[in-house]
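Contents: one structure, followed by commentary.
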Amino acid sequence: MKYDFQKIEKKWQKIWAKDNFKIWHAVDFSQKKRFYLLDMFPYPSGDGLHVGHAEGYTATDIYSRFLRLRGFNVLHPMGWDAFGLPAENFAIKTKTHPEENTKKSVARFKSQMQALGLSYDWQREFSTTDPSYFKFTQWMFLEMFRRGLVYEAQAPINWCPSCKTGLAEEDLEDGVCERCKSTVERRPVRQWVIRITAYAERLLDDLKNLDWPESIKQMQNDWIGRSQGYQFHFRVHNIAKHLEVFTTRIDTIYGATFLVLAPEHPMVKEITTHEYSYKVQEYARNVVNKSDIERNSAVEKTGVFTGSYAIHPITGIKIPIWIADYVTPDYATGAIMGVPAHDQRDFDFAKKYDLSILEVISLDGDTHREFDKPLEAKGVLVNSGLFNGLVCGVAQEKIANYIGAKPRVVYKLKDWVFARQRYWGEPFPLVFCEHCAEKIRNQKIPARRQAGKIKKGEFSEGELLNPGWIEVPGTRLPVTLPKVKSYEPSGTGESPLINVLDWVRTNCPKCKGPARRETDTMPQWAGSCWYYLGFALGNGRIKKKDIRKGWDIKCLKYWHPVDFYVGGVEHATRHLIYARFWHKFLNDLGLVTGTEPFKRLANQGLILGPDGEKMSKSRGNVINPDDVIKQYGADALRLYEMFMGPFEASKPWDTKGIIGVFRFLNRVSQLVAGNMGAHKELFAVSTDPSSLKVAQKSLHQTIKKVTDDIVGMRFNTAISALMQCEGALANAALRVSRNDFIKLIASYLVMLYPFSPHLASELWGYLGKGSIETQLWPRHNPRLIFEDYVTYAIQVNGKMRHTIKLAKSLGEDEVIHQAERAEQIGKWIKGKAVRKKIFVKHKIVNFVI
RNA sequence: GGGCAGGUGGCGGAAUGGCAGACGCGAUAGACUCAAAAUCUAUUGGCCGCAAGGUCGUGGGGGUUCAACUCCCCCCCUGCCCACCA
């Protein structure tokens, strides 16, 4: 009996595809228990699906099919995160519209997914580039805008002087332009920024209750980076100005022997004395032009003196004010007090520029005259006047009170630069109106606190905050992209849209006067912030013209939350923070249920090339799933990817390894098709009750193991159990009656079905009853697994010397007695004093001599 | 520099205090075959031994325990993420 996987897989894929894959459609408001199982949707690249995609998608497919057999109403959707740079760059190269190549890539991805037998609810498929979808993205942006969560800022971007364009971080390769290899400069460009930091505290706090891998939670925790400290100021000598600094170690204040400002600090100019101004300006210009990568990889700290001094708030001593690139402008106040005795960075800086170093904290209360590295800031205060002898923690509060420092919490998380100077993204629903800008500036209209309905002539909080920028009303969404002739960047750092004059020129929705559209577009992250809600709504609702009518809160409530979310770890600190923020914002507006979108999260490990290196075209170690399917079939590919190792571990592809699971599928096929098909007369020639018992025991042990393993995402050991069980069933095949064999095989095939659905469906046909999808997942019967006998390991001094099989019912004394009597043990303990006998029920006896 | 995850046969891995190496690949031998492939059967951590059996063995060193791949301390190595965050 040949295992004709090509024929079988084609056949079942065709059957499943009926009525737009109706068999996998989730049902809104069904009485069944609901389960929302989501894959991170892909960016449909021109290269097609790779084996890494297949890994995650197979795992969730197994889980989905498993849950359906357990009676759940499963929502398992798929869609496309299709805005993005690769499509735009490809469009520039081929002079075609990005929409065209996106469509092609989507079609390819979809057919590859279907060739893998993935059971998605295709009825809910959409792309983030669909105007019907992104009108909601624009609407949500507007909601943020009108609540003052969006502001304009000059943010530095990476600028390629040769391509004359701004580049995203993703376009950089080690600080160099990916396309022309020229060194990237920093340039300040006007950008839209979302005040995500307003949610920092909640993003941090709510992390605790999520069923996510600890490592991801840790990454987010560090990314948000909460620091608690104090803020206070130093007066500047001879100038009526003061400088705010932030520190988490105010107890080291006596050790502050200099101040350092970021070169970008707004007060640098006023503070710098005439004598030093040339050097300071030159230095600052130099630093600002450096890219982040250059600045961060600087081996040695550099800086220059401003010529000014600050007055120490307690001692009144004059300390020099420097600027240096190791202080970052956008964290806390952008100015620090240098405590070189207790901080590595300040120490390095002080050593280099010969600044004084004063020890102020000491473990033992003594002071150490010489030290060649900073001292640990632990213990009691020394050289600290009034506060000498106090323990650090106590001193912090006292000093803060003494100088009137305010407690402050600072986050590393930065506001979200939410704009790209590119074509292929969601247009902003904003226009700029000079007339309205004037009006706002002149009338000094106070900002509205409430974001309620805005009356004619009034402005929203966002409009007041960003004078001249006027919202495109929700009823006029979506703002769609115009067709353009060239996708080349403008050359002035703006999006290609700036050249499409009939699109840019428009009328102000407020005053009807002339206005121009925003020509930046949203970053790729925008569309993925709420797509899980899009799937929950379904296309019927999304496609409604009226946004409010499409936004069915009851339906969102039914499908909330995503019970299980599976995808790559690379999204730990971007997509997964943005989406959490977005959900919290929608929740604040009462538009969604719950404060967290994703209840449980798992990350698949990377699949490496056969050489153990990351797969890449340049290395030539890429495995193409299409080739594997052609040679071994989708069922074998699925099974192999799950069998390779733990789901979350990265593991190398072994070209030969797939043969093992391929052979296994052949054996299963042979077992069922061979026995049920050709040789019916062979059954029950000589039935043997003990064979049935052995087979049942193996089957039920396997049911228990496979069930537990799927829930715990341990697919590799589940498959191993299925392999062993196949052997047991094959042994029993001709020693049990036809009826008993059918019963055994039926349960077995149901278990195989989530892993290798095509073959399991096909073989189900031999049993002659209905479709496998309508079966219930088997339950193990504990009585069939129960063993009367158990094998004890007998140890002497912890070393295994012998095993004996004994009745499970035997008590401790009897087991020990039997163990002592055994010949192989006798020779070890004879004539020795047995000091202790350890007995572990059903496991082990250990004699300590 | 910091954080996290790891280190077990020739290879992927299993076992999370109780018989280390399940399952699979590969290898060796045999069966089938004119032959090969495929398939099937047996063996397969190292060393000693004809065997029974013994002995060593989970990156290295120490510790806890009757018992450690598993728990604790120190060190080494690999991968990933973050990186001058005051």
Side-chain angles (χ1 to χ4, degrees), chain A residues 2 213-219 221-223 225-227 229 231 245-250 252 256 260 262 292-293 295-301 324-328 330-339 343-346 348-349 410-414 569-570 572-573 603 605-606 608 610 612 614 639-640 643-646 648-664 666-667 670 714 716-724 727 791-803 824 827 834-849:
Chain A
K2 201 183 161 241
E214 283 308 316
S215 59
I216 299 279
K217 291 209 235 177
Q218 191 58 46
M219 274 190 224
N221 193 69
D222 295 348
W223 189 262
R226 187 189 145 100
S227 285
Q231 185 168 324
V245 301
F246 172 78
T247 178
T248 54
R249 293 304 301 266
I250 199 167
T252 63
V260 190
D292 279 352
I293 291 160
R295 184 162 174 173
N296 289 337
S297 61
V299 191
E300 218 175 279
K301 291 187 176 37
D325 60 357
Y326 81 93
V327 175
T328 50
D330 46 3
Y331 181 77
T333 62
I336 62 159
M337 61 175 196
V339 184
D343 181 279
Q344 183 71 54
R345 297 154 301 185
D346 298 341
D348 295 345
F349 194 71
V410 170
Y411 296 94
K412 273 195 228 175
L413 184 73
K414 307 247 159 47
V569 71
E570 67 272 17
T573 50
N603 304 113
L606 219 55
L608 307 169
K614 202 169 161 178
L639 208 54
Y640 176 59
F643 185 61
M644 287 168 76
E648 308 218 345
S650 58
K651 51 238 161 213
W653 184 276
D654 177 3
T655 321
K656 292 231 171 95
I658 192 166
I659 288 171
V661 295
F662 183 68
R663 285 178 186 152
F664 163 68
N666 271 282
R667 286 198 300 273
Q670 189 58 35
R714 292 181 298 270
N716 54 334
T717 50
I719 293 165
S720 152
L722 286 169
M723 286 172 166
Q724 290 175 70
T791 303
Y792 275 91
I794 313 301
Q795 302 181 333
V796 178
N797 279 353
K799 278 201 171 141
M800 209 278 292
R801 293 299 177 187
H802 188 51
T803 56
Q824 295 87 335
K827 75 180 184 195
V834 175
R835 285 212 326 245
K836 213 169 176 183
K837 298 169 187 175
I838 310 283
F839 171 80
V840 182
K841 199 176 168 190
H842 297 164
K843 288 222 163 115
I844 224 159
V845 175
N846 188 9
F847 296 106
V848 186
I849 60 171

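Throughout, protein chains are lettered first and strands after them, A, B, ... in sequence-line order, and every chain is numbered starting at 1.
- Nucleotide B:A36 forms a pair with no other nucleotide shown, judged by Watson-Crick or G-U wobble geometry with both contacts under 3.5 Å.
- Position along RNA chain B of the nearest nucleotide to A:Phe246 versus A:Glu214 favours A:Glu214 as the more 5'-ward residue.
- Considering A:Glu300, A:Lys301, A:Gln344 in turn, A:Lys301 is the only one that fulfils the side chain to side chain contact (heavy atoms under 4.5 Å, CB included) rule with A:Phe349.
- The nucleotide B:U16 finds no pairing partner, because no Watson-Crick or G-U wobble arrangement with both distances shorter than 3.5 Å includes it.
- Using a 4.0 Å heavy-atom cutoff across all strands shown, A:Lys836 reaches sugar-phosphate atoms only and no base atom.
- Straight-line distance from the CD1 atom of A:Ile216 to the P atom of B:G3: 18 Å, rounded to whole Å.
- Applying the 90° criterion around 0 to the glycosidic angle, B:G9 comes out syn.
- Proximity note for A:Gln218 (side chain, C-beta onward) versus B:C4, B:C25, B:G18: the nearest is B:C4.
- Each of B:G54, B:C19, B:C84 was ranked by its minimum atom distance to the side chain of A:Tyr326; first place goes to B:C84.
- Using the Watson-Crick or G-U wobble rule with both distances under 3.5 Å, B:U44 pairs with B:G26.
- Base pairing of B:U70 is not made with any nucleotide, judged by Watson-Crick or G-U wobble geometry with both donor-acceptor distances under 3.5 Å.
- Across B:C23, B:A86, B:C25, the shortest atom-to-atom separation from the side chain of A:Gln724 is found for B:C23.
- The partner of B:A52 is absent, by the rule that a Watson-Crick or G-U pair needs both atom distances under 3.5 Å.
- Remark: B:A5 base-pairs with B:U78. Criterion, Watson-Crick or G-U wobble with two distances under 3.5 Å.
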